[in-house]
Amino acid sequence: MAQMENWTLSSPWNCQHKLELMKAELAYLEGDFATAVKCYDCAVATADKHHFVHEKALALERAGIFYMENRQHATASSFFERACDCYGRWEAHSKAAHVKSYL
C-alpha cells in the first residue's frame with residue numbers, strides 16, 4: 001500500500017483509482033464498511049474520470065461483490081450490471097459473461 005501511495009503522489013491520474021480500490025478492499029477486510037463504500041465509490045469515479053474503463057469495471061465488480069456479501073442484492077446487481085457494461089466496452093466479453101453469472 002505504501003508503494004502505491006508513493007506512486008499516487010507522483011502520478012495521481014494513473015494511480016489514484018488503484019489506491020482507492022486497495023483502500024476499499026482493506027477497509028472491507030477490516031470490517032470498516034463505511035470507509036469501504038466511500039473508497040469503492042471513489043475508485044469507480046476516479047477510474048471513470050481518467051477513462052480507465054477496465055479498471056472502472058474491476059472496481060464496480062469488487063463493489064458488487066462487497067454488496068452481495070453484505071446482503072444488499074439490489075445494490076450489488078446494479079454494480080454488476082455497470083461492470084458488465086464496462087467489460088463489454090473494453091471487449092472483455094468472457095469477463096462480462098463471468099460477471100453476469102453473479103446476477
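Excluded from the calculations below are hydrogen atoms, water molecules and symmetry mates; all remaining heavy atoms, backbone and side chain alike, are included.
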Report task. Search all heavy atoms of Ala83 against all heavy atoms of Val99 and return the closest pair with its distance. Result ->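 Minimum heavy-atom contact is CB-CG1, 4.2 Å.
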**Report entry** Members sharing Phe52's hydrophobic cluster (side chains within less than 4.5 Å)
**Finding:**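 ILVMFWY cluster around Phe52 also holds Trp13.
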**Report entry** Other ILVMFWY residues reachable from Trp7 by side-chain steps of under 4.5 Å
**Finding:**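 Same cluster as Trp7: Met1, Met4, Leu19, Met22, Leu26.
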Please identify each residue that fulfils side chain to side chain donor-acceptor pair (under 3.5 Å) with [X], with sequence neighbours left out.
| X | result |
| --- | --- |
| Glu55 | His17, Lys18 |
| Ser10 | none |
| Ser78 | none |
| Asn14 | none |

Going from [atom1] on [X] to [atom2] on [Y], what distance comes out if it is rounded to the nearest 0.5 angstrom?
| X | Y | atom1 | atom2 | answer |
| --- | --- | --- | --- | --- |
| His73 | Leu103 | NE2 | CG | 12.5 Å |
| Cys39 | Lys23 | SG | NZ | 6.0 Å |
| Asp48 | Cys86 | CG | SG | 7.5 Å |
| Ile65 | Leu60 | CD1 | CG | 11.5 Å |
| Thr75 | Phe80 | OG1 | CZ | 11.0 Å |
| Glu20 | Cys15 | CD | SG | 12.0 Å |

Query raised in the report: Got a sec, which pairs hit salt bridge (charged side-chain N to carboxylate O under 4.0 Å, His left out) with one end in residues 75-88, sequence neighbours left out?
Result: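 Qualifying pairs: Asp85-Arg89.
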Query raised in the report: Any side-chain heavy-atom pair from Lys95 and Glu61 closer than 4.5 angstrom?
Result: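 Yes, close enough: below the 4.5 Å cut-off.
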Qualifying residues under ring-ring contact (aromatic ring centres under 6.0 Å, His included), relative to [X], sequence neighbours excluded:
| X | answer |
| --- | --- |
| His93 | none |
| Phe66 | Tyr28, Phe33, Tyr40 |
| Tyr67 | Phe79 |

Query raised in the report: Asp41: what forms a salt bridge (Lys or Arg N to Asp or Glu O under 4.0 Å) with it, not counting sequence neighbours?
Result: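 Here no residue qualifies.
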Query raised in the report: Listed by chain and number, what are the salt bridge (Lys or Arg N to Asp or Glu O under 4.0 Å) partners of Arg62, not counting sequence neighbours?
Result: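 For Arg62 the salt bridge (Lys or Arg N to Asp or Glu O under 4.0 Å) partners, ignoring immediate neighbours, are Glu25.
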Query - Tyr102 vs His98, side-chain contact (heavy atoms from CB on, under 4.5 Å): CA-CA, chis, key distance, verdict - result: CA-CA 8 Å; Tyr102 290 125; His98 170 77; 3.6 Å; yes
